[in-house]
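Structure first, commentary second.
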Amino acid sequence: MSCDKCTTTPILPAGECDFYVSATHEYILEKFADNITGAGGDMINDYFMIRTDFEQFFESNSFDWLNQTEKENIHILILKSGTQPSFSHFAKTKTLDAWIILFKSQELISILKDGNITTFYQPILDTQSLEIYGYECLSRGVKKDGNYMRPDLMFQAAKTTGMLFNLDRQCRESAIKTSAVKKIDRNIFINFLPTAIYNPEFCLQDTVKWLTQMEFNPSAITFEVVETENITNIEHLRTILEYYKDKGYNTALDDMGSGYSSLNILAELTPDIVKLDMNMIRNIDTKPVKQAILEGIISIAQKTGFKLIAEGVETKAEYEWIKAKGVDYVQGFLFAKPSQEPVR
């Protein structure tokens, strides 16, 4: 057994045993095996790869976790050991998750090198009239096979491999250029990671250049802070937001209500817009505790002057509750999914 949280080495019985590692990419297992072999010396007597039909292999070996693994062709690395492994044998190895991220980073490097970032749009609507107020720009990486690389995988790989600044910048520039090409005449919400910006005067000069060159009205641009819950340096974020405001742009905080620290951030900063976390919105019409919390945030917004956007609205009942409480704007699958062509 092993711990999923701290990814410790599995506890194996004394004597001879097999250590199983599985992944969908043979490249990952080859690198993983090389590391273990190099770190463990003669502990590893042999290893071999098996590529087989997923269900047939695992059913014949009575693995209970069959349904937790991707149902496709899979590579199995079996490490034959004649001695009891200890932590020192694995000290120089990385977790399998890290190798998966490394594999994904190869795809990310190709995407960034070729400039293959595309932008999807999800509309933000006026809660009362349901007229389109603006669009959130959502980035996707286009892989060589034409499929999309999810943003969470892109940013996870970028963070691990030190490419966060380059990815964040390309996403912003793609949003600006694509919006200009599609002649969007509503407000545009552009996401950014504060941790990817060091000195806004230098790190954001290309972003401002493109906005100016494309003749966007600054008042129609909102820069949205993502991963609000993970922000630790308030002063750094304040510097970035002040830079945007000095240029005439709007600012927004994302995921409000996802954790206690987001309220602390709200108290320290003065955003123009706050986006309510979708987990807070989910089943809001039937959850009294959520209702009480959200009513408190609505009261704060009305007293201090910032606007509210309810994210992740998926049912008519959620929408009706939000509408009755006076939330300014709504966004979610109930109205439209993200798409390359903006819903007009």
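Please read these numbers as outputs of a predicted model, since none were measured by experiment. Just the heavy atoms: all of them, side chains too, but no hydrogens, waters or symmetry mates, feed the values below.
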Problem set entry | side chain to side chain contact (heavy atoms under 4.5 Å, CB included) evaluation trace for Cys203 with Tyr243 | CA-CA 11 Å; Cys203 296; Tyr243 175 85; over 6 Å; no
4.5 Å side-chain heavy-atom contact, [X] and [Y]:
{"X": "Leu266", "Y": "Pro271", "answer": "yes"}
{"X": "Tyr135", "Y": "Ser179", "answer": "no"}
{"X": "Val330", "Y": "Lys323", "answer": "no"}
{"X": "Asn191", "Y": "Leu138", "answer": "yes"}
{"X": "Leu253", "Y": "Phe306", "answer": "no"}
{"X": "Leu108", "Y": "Met163", "answer": "yes"}

Exercise. So, is the end of the Arg140 side chain (NZ or CZ) under 6.0 Å from the ring centre of Phe120 and within 45° of the ring's axis?
Worked result: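 Yes, Arg140 sits over the ring of Phe120.
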For this session: Using the six-membered ring of Tyr244, assess whether NZ or CZ of Lys247 lies under 6.0 Å from its centre and within 45 degrees of the ring axis.
Result: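 No; the conditions do not both hold, so Lys247 does not lie above the ring face of Tyr244.
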Can you see which heavy atom on [X] is nearest to which on [Y], and at what distance?
{"X": "Thr239", "Y": "Pro200", "result": "CG2-CG, 3.9 Å"}
{"X": "Val225", "Y": "Asp254", "result": "O-CB, 2.9 Å"}
{"X": "Leu193", "Y": "Phe155", "result": "CD1-CD2, 3.5 Å"}
{"X": "Ser139", "Y": "Pro151", "result": "O-CB, 3.7 Å"}
{"X": "Trp321", "Y": "Glu295", "result": "CZ2-OE2, 3.9 Å"}
{"X": "Gly312", "Y": "Ile281", "result": "O-CG2, 4.4 Å"}

Output the distance between atom [atom1] ([X]) and atom [atom2] ([Y]), rounded to the nearest 0.5 Å.
{"X": "Ile132", "Y": "Asp185", "atom1": "CD1", "atom2": "CG", "answer": "9.5 Å"}
{"X": "Leu276", "Y": "Ile293", "atom1": "CG", "atom2": "CD1", "answer": "11.5 Å"}
{"X": "Met154", "Y": "Ile111", "atom1": "CE", "atom2": "CD1", "answer": "6.5 Å"}
{"X": "Gln122", "Y": "Gln331", "atom1": "CD", "atom2": "CD", "answer": "4.5 Å"}
{"X": "Asn116", "Y": "Glu107", "atom1": "CG", "atom2": "CD", "answer": "12.5 Å"}
{"X": "Lys159", "Y": "Leu167", "atom1": "NZ", "atom2": "CG", "answer": "13.0 Å"}

Can [Y] be reached from [X] by stepping across I, L, V, M, F, W or Y side chains whose heavy atoms are under 4.5 Å apart?
{"X": "Leu153", "Y": "Val226", "value": "yes"}
{"X": "Met280", "Y": "Val289", "value": "yes"}
{"X": "Ile300", "Y": "Ile322", "value": "yes"}
{"X": "Val208", "Y": "Trp210", "value": "yes"}
{"X": "Phe333", "Y": "Leu125", "value": "no"}

Tell me whether [X] contacts the main-chain N or O of [Y] through its side chain, where contact means a donor paired with an acceptor under 3.5 Å.
{"X": "Ser110", "Y": "Gln106", "result": "no"}
{"X": "Thr119", "Y": "Cys137", "result": "no"}
{"X": "Lys316", "Y": "Leu334", "result": "no"}
{"X": "Glu318", "Y": "Glu314", "result": "yes"}
{"X": "His236", "Y": "Thr195", "result": "no"}
{"X": "Ser174", "Y": "Gln170", "result": "no"}

Exercise. Lys182: what forms a side-chain contact (heavy atoms from CB on, under 4.5 Å) with it, not counting sequence neighbours?
Worked result: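 Result, side-chain contact (heavy atoms from CB on, under 4.5 Å) vs Lys182: Tyr121, Thr178, Ile184, Glu341, Pro342, Arg344.
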Exercise. Can you name the one residue among Thr270, Asp272, Asn250 that meets side chain to side chain donor-acceptor pair (under 3.5 Å) with Lys245?
Worked result: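 Exactly one pass, corresponding to Thr270.
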For this session: Show the numbers, then the answer: is there a side chain to side chain contact (heavy atoms under 4.5 Å, CB included) between Phe192 and Ile240?
Result: CA-CA 10 Å; Phe192 77 94; Ile240 298 172; 3.7 Å; yes
For this session: Answer yes or no: are there more than 12 heavy-atom neighbours, outside Lys177 itself, under 6.0 Å from its atom NZ?
Result: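 Yes, the 6.0 Å shell around NZ holds more than 12 heavy atoms from other groups.
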Exercise. Should we count NZ of Lys337 as having more than 12 external heavy atoms under 6.0 Å?
Worked result: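 No.
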For this session: Any chance you could pull the hydrophobic cluster mates of Ile309, using side-chain heavy atoms under 4.5 angstrom and chaining through other members?
Result: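 Ile309 clusters with Ile124, Tyr133, Phe189, Ile273, Tyr329.
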Exercise. Checking side chain to side chain contact (heavy atoms under 4.5 Å, CB included) for the pair Gln291/Ile284: CA distance, chi angles, key distance, verdict?
Worked result: CA-CA 6 Å; Gln291 293 173 2; Ile284 187 69; 4.1 Å; yes
Exercise. After noting the C-alpha distance and the side-chain angles of Tyr249 and Thr251, does the key distance pass the side chain to side chain contact (heavy atoms under 4.5 Å, CB included) rule?
Worked result: CA-CA 7 Å; Tyr249 305 115; Thr251 60; 5.9 Å; no
